[in-house]
Amino acid sequence: MDFLGSTTGDGMLAMLFSFSESILPPDSTSFLLKPLFLRCVSGFLHAVLLLVLFCSWVRSKIRGTNGFDVTESLKDRKGFGFKSTLFCSLALSLLNLVLMSLSGFYWYESGWSDHGQLVSSLGFLLGVVSWVVLSICLHRYRDYEHKRAPFILRLWLVFFLAVSCYSLVVDFILYKRHETVSGHILAYDILAFSASLFLGYVAFLKKDRSNSNGVLEEPLLNGGDSSLGGVELNKTNGSGEATPYSRAGILSLLTFSWMSPLIDRGNKKIIDLEDVPQLHDSDSVVGLAPKFRSMLESSDGGERSGVTTFKLIKALYFSAQWEILVTAFFAFIYTVASYVGPALIDTFVQYLNGRRLYNHEGYVLVITFFLAKLVECLSQRHWFFRLQKVGIRMRSALVAMIYEKGLTLSCQSKQGRTSGEIINFMTVDAERIGDFSWYMHDPWMVLLQVGLALWILYRNLGLASIAALVATILVMLVNFPFGRMQERFQEKLMEAKDSRMKSTSEILRNMRILKLQGWEMKFLSKIFDLRKSEEGWLKKYVYNSAVISFVFWGAPTIVSVCTFGACILLGIPLESGKILSALATFRILQEPIYNLPDTISMLVQTKVSLDRLASYLCLDNLQPDIVERLPKGSSDTVVEVINSTLSWDVSSANPTLKDINFKVFPGMKVAVCGTVGSGKSSLLSSLLGEVPKISGSLKVCGTKAYVAQSPWIQSGKIEDNILFGKPMERERYDKVLEACSLSKDLEILSFGDQTIIGERGINLSGGQKQRIQIARALYQDADIYLFDDPFSAVDAHTGSHLFKEVLLGLLCSKSVIYVTHQVEFLPAADLILVMKDGRISQAGKYNDILNSGTDFMELIGAHQEALAVVGSVDANSVSEKSTLGEENGVVGDAIGFEGKQESQDQKNDKLDSGEPQRQLVQEEEREKGSVALDIYWKYITLAYGGALVPFILLAQNLFQLLQIGSNYWMAWATPISEDVQAPVKLSTLMIVYVALAFGSSLCILVRATLLVTAGYKTATELFHKMHHCIFRSPMSFFDSTPSGRIMSRASTDQSAVDLEIPYQFGSVAITVIQLIGIIGVMSQVSWLVFLVFIPVVAASIWYQRYYIAAARELSRLVGVCKAPLIQHFSETISGATTIRSFSQESRFRSDNMRLSDGYSRPKFYTAGAMEWLCFRLDMLSSLTFVFSLVFLVSIPTGVIDPSLAGLAVTYGLSLNTLQAWLIWTLCNLENKIIAVERILQYASVPSEPPLVIESNRPEQSWPSRGEVDIRDLQVRYAPHMPLVLRGITCTFKGGLRTGIVGRTGSGKSTLIQTLFRIVEPSAGEIRIDGVNILTIGLHDLRLRLSIIPQDPTMFEGTVRSNLDPLEEYTDDQIWEALDKCQLGDEVRKKDQKLDSSVSENGENWSMGQRQLVCLGRVLLKRSKILVLDEATASVDTATDNLIQKTLREHFSDCTVITIAHRISSVIDSDMVLLLSNGIIEEYDTPVRLLEDKSSSFSKLVAEYTTRSSSSLE
């Protein structure tokens, strides 16, 4: 051992040795140089440290402060000092543990006679405990900041350094004397000396940045200023309060008692989110996200090469590095402790056989078994808990990154990824990476466990252990091809799921249109087709996993057959003690081998998810340099665009905007006009920096506010939508409401501006949504306003009011750029830009450009044409009197009804006031109390009526019996020692064993196959049930249910049903059967075990029931808190442009973080509750095991067969794991079954009336006349909502055109929805050609009516599938319809003609073109009744005239009902119905109404003509 080879010639060392020898007296030298003396001194020193820590803890408790006053106060605890000190303490505790084990082992080898080893063991034990306690103090109180280093701790470190140094010197002296120095003691002394030097340096010399005294600072145990402990800690906490976890003392942390108050509360009341404590700072996303982002960016190393999977893994690791290392430490301790049992079984069997090595050997063995179990339990519980913490952190950090990316994605990147896909990254991929934390340490633990197993086998069976190694490796290698296949299936499954979620998200968004058109079942079959392809991959995935399951459940049997076979071949004697030790080892080896397929599958899934996230995070962001943003007042122009060419698709040869040049000065009003698709909206988007720039420059000076063409409204209060993050200033707020004419609307709404808006503003009319958008922009008080045709969605009166009050009133001093199709708003502009084919074809003031080009004249000409229609009706009103005779009946009805109407109105008012008012969107419903047994029963019996369940149970029972049988056979048929004759021949022994092993493997294959078959079938059934029910539910369900709730059931819950719940059910059944088997075996040896087992089971059940009340609600809260997170995310993606235009990204980020933490909180405390329970169950099951051991060692030798007793101990070793596993799987199953409960909740939503009533189908030719007769119609949106239509009676004559006008929110759209039975009437009836529409099927009604809806909608697919989703028409008919609606040429230009692609929501078509597609649909359908619901709101006047002309031409003999804001759209109608607050105010011919100058209609027309005429002067 020449470890001083390099230093022998060193004079200093020689001098040191001689000096040390000379100062020691000759007689004392021998004693002082003994290792025993050194171990005593070291042990005493560690005992002193423990005593000091204990006294300090007691003193702190007496003084009423929280826990230890110990340690550290690194100002920068993330720095080198704190982490290194903590690592150093943990390393020393681990080192002491290893040496304690070795000393214990040598003491055992010496027959327990070497007292020196006993003293060493005790010394090292004190070392383990004291360094562990110090580590806990350091970690636990790392948040405290104090100024003075604790004197007492520094003094102790001086002694520790002296003793370490002395020990090292003694080692050198012994070496010089050529005496043997134990290698492991020398290594320990060197490491201890190095550690003491480092700790001394940190405590005495190292200064942190704030010049405080270093790591180990005053007071050691709460001696200093205790006020810091309370106040400062609270400040650092994200929640503003110390959490139960951060406040807990050491004992509370060890036993998870900090969870007790919450679990107790769960037993007294149903837990809500406010009962769940906040997260500690270190687990909150607020602190994690910036850290994670900086890690990700720093891993780029300065190169902006984008995010790769490796960089993502690196950032995830470093964001939770400390926790990962601590869990690795616990995993290591657990693994070592779990192998103590198998290592001692042979000794235990020999002891029972009568061999005694020393007194009380049996009790020492029992205590060793128990201590090993205790260490195993504690380390496993804390390992699992911290792993889940790591998972929560990773998921939160990833969700924050995904959200951040969603806010900054460029439009081109967005076209490649739909909102459904992006939501999947958050709901599925981030979740899966979080779940991977469970499997994080498995790969290296497998190696450690196999290594320990081989060591035990080698001790017992010698070279035969090599056979075990080879068999283990072979079994693991078999898995690789399956793992590869699993990865491919997983990838394909995710792709299929993405495309299904994408479609689901789009369909849910547009459910109203699908219902109106009667297409919902067609789109449902599209979802079923997508699911079918997903099921194909799911089937392959689950059957592949069944094969893996078979290979690995059979693995321990294969390994044991190979090992025992090798023993026979090599002639190694098989004794029952050694065999039982080997079998116990195989049982433990089972765990890594069982878990390996899961681990591989999880690695595969996580790799797929990481790849997907990395590719998403690599997508292009918006170019930050498209627009040069300048501060207000830094330039004399507010907008300057010079020679700019921009294109949505940079690679396209035909840019969207070409050679754009214009300037806007402060206070200017700029109007942008042009035909449909000319680039008006793109021009505004380019100023927002949304359109990629090819060349030129854009400068914007000052803050911006933007109003989009299609309104983007957040779900939440109206007030919050208007304030949009700004503080409330009542005066400005009221002015804004007045200018946007919202005051009256808010009076009508039950809750005023506190009304909660449904998703996408579902409970507001189009005009109200648009005006709230304008109010939001006004309230921001920006410098530049960009309006994208906001006046089109409101009626003429409101439009002119808005223009006057907003543009010419509140914004008179601001710069405004507004797109408009209404020519009457152009003369007020200081500059008009006329767009054509992406260029500015004319620019100037109204009168300047009026005569200078054709494009503008075309628009003006169209407008004059529309006005001429109004004029002609007005002029001809007298001459047309004679033709009114035939309509007198109708008019008479309406007039005769006036009086009735008012009284009815008053009656309704009274009626409404008595009703309790409720918001439309209610809190998400969650079941309360325990999951009903009915849910479990439904799940089990859904597949084949539950026929497979008995066979699954039978196969598992047979497996368990054969497994126990084979082990019993080996224990019985082998001799207990070499001198005893074996009862059977070796060949018989192996043949029987192999036969039993083969039988058990076969049972496993049957069970695994049947289980996945049943699971797959159930998942399919549940999916079809839920989707069918959702698609058949009434529109009111979608209005009051945010799509996030449906989406989370279709994605997360469906995933759980597809891939997790079958295995959870299987796991419970398997564990119960295994547990019964173990207790059966143990009771064979000692029936007395039941004396303990029964009370222990009773206590376990009590604990489980006590725990489940809180855990169940926490688990439900996880589900409920997920939907708002998804919804907020999907709203953000759809409104990203608006959010960016108001520069509100940081507020939305913090909202996302708040919701993310709200989702993490119940998750964190669910994990804590689970470990709280498992710790207590582990303790109880260890009690059963120890009792049976004490019984076995207490009875006289020979009473019980030692082999059988050994078998009982072998099985008993896994008792605590299995019992805890059973409760864990039961609780996990109850938590997971909530997914089934949630799916079944939506599988029982009340349906709409039948689609077809066979006994009452209308004739094929119905409706032939198209006469609509409405009698006393009353409508409300939900039983708890006020009436919207309050008793309407009128008749729309067949073949006539009826225009419906009225202020926004007067009930126009509701009347139409009732006609289509989207809303069922509360009272009254509607007859079409004498048929009461309430008596026929919905499809019979809806497919015979046509509608062009308010929001023009296109679906992802092709032009053909958008026009004819039911595939009823030929290509020629489709082309004809396209030509009629003026889109034929546009489609012919595209390469794929009718198969040209349409992106999600029709984003690659302009708003006007989408409206024309809707026109094309009705031209194809040619119904007798056509409804236009504000159908021309988003098109210019020329296109509007074209639509009107097309309708007059092709629907001349049809009943046309038009809701319009443009007077020209309804002025040439045969009848006009004017609604006000849900009652008929006027119903007559336009001519009659115009004659009566006091009528509301004539006032409306007068205002329109005046406004429009002034624009032409």
Side-chain angles (χ1 to χ4, degrees), residues 77-78 83 86 90 135-136 138-143 236-239 242-248 250 252-259 262-263 276-289 291-292 295 315-334 378-400 430-442 602 606 1111 1114-1115 1117-1118 1121 1153 1156-1175 1224 1228 1231:
R77 65 183 170 79
K78 296 175 185 70
K83 284 189 177 171
L86 199 46
L90 280 172
S135 304
I136 290 171
L138 279 167
H139 179 58
R140 183 67 194 78
Y141 292 90
R142 61 190 179 192
D143 293 330
T236 58
N237 196 332
S239 64
T243 64
Y245 179 63
S246 66
R247 281 199 310 262
I250 289 173
S252 177
L253 281 174
L254 278 175
T255 60
F256 294 95
S257 301
W258 54 272
M259 272 304 302
L262 184 63
I263 292 171
V276 180
Q278 295 290 345
L279 291 173
H280 188 247
D281 244 16
S282 57
D283 300 310
S284 166
V285 70
V286 181
L288 288 171
K291 186 178 169 187
F292 181 71
M295 294 274 184
L316 283 168
Y317 170 73
F318 283 112
S319 66
Q321 175 187 10
W322 167 246
E323 292 289 346
I324 291 170
L325 291 172
V326 170
T327 51
F329 171 72
F330 281 132
F332 176 78
I333 297 290
Y334 165 76
L378 276 169
S379 52
Q380 188 183 31
R381 297 284 60 90
H382 286 276
W383 164 33
F384 280 6
F385 175 65
R386 283 173 177 274
L387 275 185
Q388 289 177 81
K389 261 180 77 176
V390 170
I392 289 170
R393 285 186 186 187
M394 286 181 171
R395 187 200 55 77
S396 298
L398 285 171
V399 165
E431 202 72 51
R432 179 169 293 125
I433 292 165
D435 290 344
F436 174 69
S437 62
W438 279 106
Y439 302 86
M440 195 184 290
H441 299 303
D442 286 10
M602 199 62 192
T606 309
L1114 283 169
S1115 188
L1117 280 173
V1118 170
C1121 293
M1153 286 179 181
S1156 182
D1157 272 350
Y1159 174 52
S1160 297
R1161 265 162 61 201
K1163 261 181 120 63
F1164 176 85
Y1165 288 98
T1166 301
M1170 178 64 82
E1171 299 312 324
W1172 177 93
L1173 175 71
C1174 288
F1175 172 77
W1224 194 90
N1228 216 19
N1231 290 346

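Since this is a predicted model, take the numbers as computed values, not measurements.
Contact of the Arg386 side chain with the Val390 side chain is not registered, since no non-hydrogen atoms from C-beta on lie closer than 4.5 Å. In this structure, Tyr245 and Met259 have side chains that are not in contact, with every pair of non-hydrogen atoms separated by 4.5 Å or more. Side-chain atoms of Phe384 and Met1170, non-hydrogen and from C-beta on, never get closer than 4.5 Å to each other. Put simply, the side chain of Thr327 does not reach to within 4.5 Å of the side chain of Lys389, judged on heavy atoms. For the pair Met295/Gln321, no side-chain contact is recorded, criterion being any heavy-atom separation below 4.5 Å from C-beta on. Contact of the Ser284 side chain with the Met1153 side chain is not registered, since no non-hydrogen atoms from C-beta on lie closer than 4.5 Å.
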### Query
Run the side-chain hydrogen bond (donor to acceptor under 3.5 Å, both in side chains) check on Arg393 and Ser319 step by step: do they pass?
CA-CA 8 Å; Arg393 285 186 186 187; Ser319 66; over 6 Å; no
### Task
Give the C-alpha distance, both sets of side-chain angles, the deciding distance and a yes or no for ring pair (Phe, Tyr, Trp, His ring centres under 6.0 Å) between Phe1175 and Phe385.
CA-CA 11 Å; Phe1175 172 77; Phe385 175 65; over 10 Å; no
### Query
Would Val285 and Ser1160 satisfy side-chain contact (heavy atoms from CB on, under 4.5 Å), going step by step from the backbone distance to the final call?
CA-CA 9 Å; Val285 70; Ser1160 297; over 6 Å; no
#### Entry: Criterion side-chain contact (heavy atoms from CB on, under 4.5 Å) on Leu316 and Ile433, from CA distance to verdict
CA-CA 10 Å; Leu316 283 168; Ile433 292 165; 3.9 Å; yes
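Between Phe256 and Trp258, the ring planes are tilted. Angles from 30° to 60° get that label.
For the pair Ser396 (side chain) and Ile392 (backbone), a donor-acceptor distance under 3.5 Å is present. Between the side chain of Arg1161 and the main chain of Val276, a donor-acceptor pair closer than 3.5 Å is present. For the pair Tyr1165 (side chain) and Gln278 (backbone), a donor-acceptor distance under 3.5 Å is present.
Residue Phe436 holds its CZ atom at 8.0 Å from CE of Met394, rounded to the nearest 0.5 Å. If you take OH on Tyr317 and CG on Leu325, they are separated by 4.0 Å, rounding to the nearest 0.5 Å. Remark: Met440 CE to Met602 CE distance equals 10.5 Å, nearest 0.5 Å. Once rounded to the nearest 0.5 Å, the distance linking CZ of Phe332 with NE2 of His441 reads 13.5 Å. To the nearest 0.5 Å, the span separating CG on Asp283 from CG on Leu288 amounts to 7.0 Å.
Centroid-to-centroid, the aromatic rings of Trp383 and Phe329 stay 6.0 Å apart or farther.
For the residue pair Leu398 and Ala430, the shortest heavy atom distance occurs at CB-CB, 4.1 Å.
Partners of Ser257 by side chain to side chain contact (heavy atoms under 4.5 Å, CB included), not counting sequence neighbours, listed by chain and number: Ser252, Thr255, Ser260, Arg1176. The side chain to side chain donor-acceptor pair (under 3.5 Å) check on His382 picks up nothing, with sequence neighbours excluded.
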